[in-house]
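Order of the sequence lines fixes the chain letters, A, B, ..., with proteins taken first and strands second; residue numbering starts at 1 for each chain.
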Amino acid sequence: MDLQIALLLGQDGVTNGAIYALLALALVLVFAVTRVIFIPQGEFVAFGALTLASLQAGRLPGTVWLLLAMGTAIALIEGATAVRARRFRRLPLILLLNCGAPLLLAASLLAVSPAGLPLPVQVLLTLMLVVPLAPMLYRLAYQPIAEASVLALLIVSVAVHVTLTGLGLVFFGAEGSRTPAFTDASFALGDAVLQGQTVLVIVASILLIVALYFFFERTLYGKALRATAMNRTGARLMGISGDLAGLLSFTLAGAIGAFSGVLISPITTIYYDSGFLIGLKGFVGAIIGGLASYPLAAAGAVLVGFLEAYSSFWASAFKEVIVFTLIIPVLLWRSLKTRHVEEA
Amino acid sequence: MKRSLHSTILLLIFIVALLAAPALLSEFHVTLLNYIGLYAIVTLGLVMLTGVGGLTSFGQAAFAGLGAYTSAYLTTVHGVSPWLTLPAGLLVTAIVALSLGLVTLRLSGHFLPLGTIAWGISLYYLFGNLAALGGHTGISGVPPLHILDVELRSGRDFFYLIWAILLGLILATRNLLDSREGRAIRALKGGSVMAEAMGINTPRSKIVVFAVAALYAAVSGWLYAHLQRFVNPTPFSLTQGIEYLFMAVVGGVSHVWGAILGAGLITVLKQWLQDWLPRLLGESGNFEMIVFGLLMILVLHRARDGVWPMLQRFWPQEVRRAHAESVPRLAKRPLPEPGSVLLEVTDASKCFGGLVANDRVSFRVRAGEIMALIGPNGAGKSTMFNGISGVDPLSSGRVSFRGQRVESLPARRIARLGMSRTFQHVRLLPAMSVIENVAIGAHLRGRKSFIAAACRADRDEDAQLLQEAAMQIERCGLRDQMYEPSGNLPLGRQRLVEIARALAADPCLLLLDEPAAGLRYVEKQALAELLRRLRAEGMGILLVEHDMEFVMGLADRVVVMEFGRKLAAGLPEEIQRNPAVVEAYLGGVE
């Protein structure tokens, strides 16, 4: 391996590592706030990338149907609850939020041809289509059993994951997609060439992490989420609704996932089931951080990115084996560090 | 075990139906039943792991893969007999499961399933990329099994072997769960604190149940390799591992028969969906997973116990209502000389961050005396209990028990020395009967391993343990509720069950945390009588209690704590006159 290849691989490693780091942060956030191990995080990456690709190809992305279906399901459940409680005045809002908004979005996609729109608008549309799925998932799949054990929530997560992957196949087909690069710019770095897209991914990731930091440190909702993560009961007694905290953390995780998908789609070809492995690599990073520490999780994720890049050079067939076997020494290290663990 | 007539008849009908099945059914349906049997073997392991032990794994398919690939490789490359590759496959699986278990089982519950996801993926890619294992095309030409001189070539030939093994494993699993080791595994679900305080080595129990589940999967994989005569990575992927868990949850994760039911339901449903969904959607793919995923979410929302308990409602439940009475009693520990020092606590301190919950507290408890630890709420009494019993070790200070330093020993080692305790917040397993809960206390008085339990070689010892439990239950005045689920008892009586469980350990020092709370007057008197009797037998008792009448009428000596410090110590009458104590309890006169 000469320096040029090393730099090239390093570039790959940092780019993927940045994406994994974002996902790791989202996973830590969701776990800390809701105790849900959010396996479907990866599906949001795939859905983000593939929705953008569909829009650019001038097709109506299948996620529209999912949004409409889930919105209707929520409207039915919430509507039934409201009717039973004789609070009819809530009905218009429920309908507007869960059915009206998705319908409006679908109608506008049909009215204009999204393929001709400028890239930022396409990205915005993608986010509007994919991100709301996350809080909707929380409402439908997790909120009814929010008090269940971590184990039961994990099984639900896996069930949601297989459902979404299957739907991904229905929506986007078995073929992969790759979107054109956001920028053609490139920079010379010694002998190697630094791609503009790589720089974009890294800068966007760092910006997002900084934004998250300010959200958690400076805003009321951010503080509410931190409070819930520290002590659920205590936060509830202070008037922070557990459901709201759950919805909010899922929205953030969905946004991070979909945005990561948009960022990564010009770099790698994304298939309907690619999200799972991408999400799991974020997980390996998150586990290095013990599902608790944000900086450690991000550092772990970058490490995973490097490991992946260099092992794809040395032993490309065993790339996944190496990355996922890394979890075992990590768990061993964590288990030696933990002296006494009592499950709640 | 006594079984009700209904269950026996149902079981017989089931066995007769199985015996007749190959003669009556088409090749297709026999194959389907073969697969259901193979899946049910893996699922049975998951039932034990998830439903009983409270752990879970998505990597069972990978363990099945280890069993299958070991056999396929050894028989095709080295020409080893399939009957020798079975133990070889089990050995490989056991080694992998034990090392994986040792790494993850000490961490909290969710690290194990996450580890198994990663492990399931990495093994799948390993199978697919190792040239020696045939890569993604796999290994073909695996030899068929021979039983004596009969070659098992067709699915029909295999049918009886698969179902005989499955029924054998179900029997072994039932036997295991109804034994000392089985109760230890069931105790895992209630958290490790209680189990450890009763002397159960919880990491060991977890590893045992994890390894057993992995071995079941390996047996299924071995059968699969010789039934198919071909292996490739696909059936051992993470997706299949997830499907196994779905089978367990849908069937009923806490019931051994739920394994067959779940495997049957999911397999038949999958067959059906794979026929219909591609026609409906106009293309092919794993669309059945969409339905399975939704079904799973629905089951977990609406019927977390799965389908088996719903069926179970249609026939009367067997309730075991007898234990052997005429077995030799368990050997008792020789009690120390009355008046000798049992427990000596010196300068015990415990800090939680900046909060000092115990601040240099010292006292002694002698054999044959009742010593009461009293003080206002938040004085640090329960913290002291946890420190002494090793549940939550002290920050500093010394505890010696029967002359041995114990402050840095784990709770189960202290329990082995003869200290037993109850908990302020009752820690029983609500679904288990009172007698089984109490028998957990006698865990350390048995020796038989889980292998002995699986083949019923432990019956004499188990009868002794249950008889001991029954005796302690009667002593605590709960004779009529012996076979009720402990969760059905009122809280006060659940505390008595805790005392019976502590007594079943044959302790020489008993730690009781608020035993009289929630008891009625007559029950309190009976409890006081019991404690006096235990004292007369030479047991030492350390008591935390708020009911002053109860304490002052019973205790030989009293230690008063306030804000983590020892405020006073002495005879009950001295304590009652002590102005500092009166001030602590009633507030000072300004």
- prompt: Taking C-beta and beyond as the side chain, do A:L137 and A:F44 meet within less than 4.5 Å on heavy atoms?
  reply: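 Answer yes - side chains close enough.
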Checklist entry - With a distance cut-off below 6.0 Å to the six-membered ring centre and an angular limit of 45° from the axis, does B:R421 pair with B:F423 as a cation-pi contact? => result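 Positive - B:R421 is close enough to the ring of B:F423 and near enough to its axis.
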query: Taking atom types as modelled and ignoring hydrogens, do the side chains of A:Y20 and A:E308 form a donor-acceptor contact shorter than 3.5 angstrom?
result: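 Short answer, yes.
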Toward chain A, the part of [X] with a non-hydrogen atom under 4.5 Å:
{"X": "B:L300", "value": "both"}
{"X": "B:F246", "value": "side chain"}
{"X": "B:V249", "value": "side chain"}
{"X": "B:I117", "value": "side chain"}
{"X": "B:L100", "value": "side chain"}
{"X": "B:F58", "value": "side chain"}

Region of [X] in contact with chain B, defined by heavy-atom distances below 4.5 Å:
{"X": "A:A174", "result": "neither"}
{"X": "A:I39", "result": "side chain"}
{"X": "A:V150", "result": "side chain"}

**Prompt:** For B:R413, does the CZ atom have more than 12 heavy-atom neighbours from other residues, nucleotides or ligands under 6.0 Å away?
**Reply:**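 No, the 6.0 Å shell around CZ holds no more than 12 heavy atoms from other groups.
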Q. In terms of heavy-atom pairs under 4.5 Å, which option from A:L140, A:V160, A:I155, A:V284 contacts chain B the most?
A.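 Result: the option with the highest number of such pairs is A:I155.
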When only pairs under 4.5 Å are counted, which of A:T165, A:L167, A:L153 shares the most heavy-atom pairs with chain B?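 Among the listed options, the one with the most contacts to chain B is A:L167.
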What is the distance from atom [atom1] of [X] to atom [atom2] of [Y], rounded to the nearest 0.5 Å?
{"X": "B:Y244", "Y": "B:T43", "atom1": "OH", "atom2": "OG1", "value": "7.0 Å"}
{"X": "A:L169", "Y": "A:F171", "atom1": "CG", "atom2": "CZ", "value": "10.5 Å"}
{"X": "A:T34", "Y": "A:Q143", "atom1": "OG1", "atom2": "CD", "value": "11.5 Å"}

Find the one option among [options] whose heavy-atom pairs under 4.5 Å with chain A are most numerous.
{"options": "B:S99, B:G293, B:G115", "value": "B:G293"}
{"options": "B:T239, B:L245, B:I290", "value": "B:I290"}
{"options": "B:L238, B:T202, B:V299, B:L126", "value": "B:L126"}

Exercise. So B:F127 and B:Y69, would you call those rings parallel, tilted or perpendicular, with 30° and 60° as cut-offs?
Worked result: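 If you compare the ring of B:F127 with that of B:Y69, the planes turn out parallel.
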In terms of ring plane angle, is the pair A:F38 and A:Y142 parallel, tilted or perpendicular, where the classes change at 30° and 60°?
->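 It falls in the perpendicular class, over 60°.
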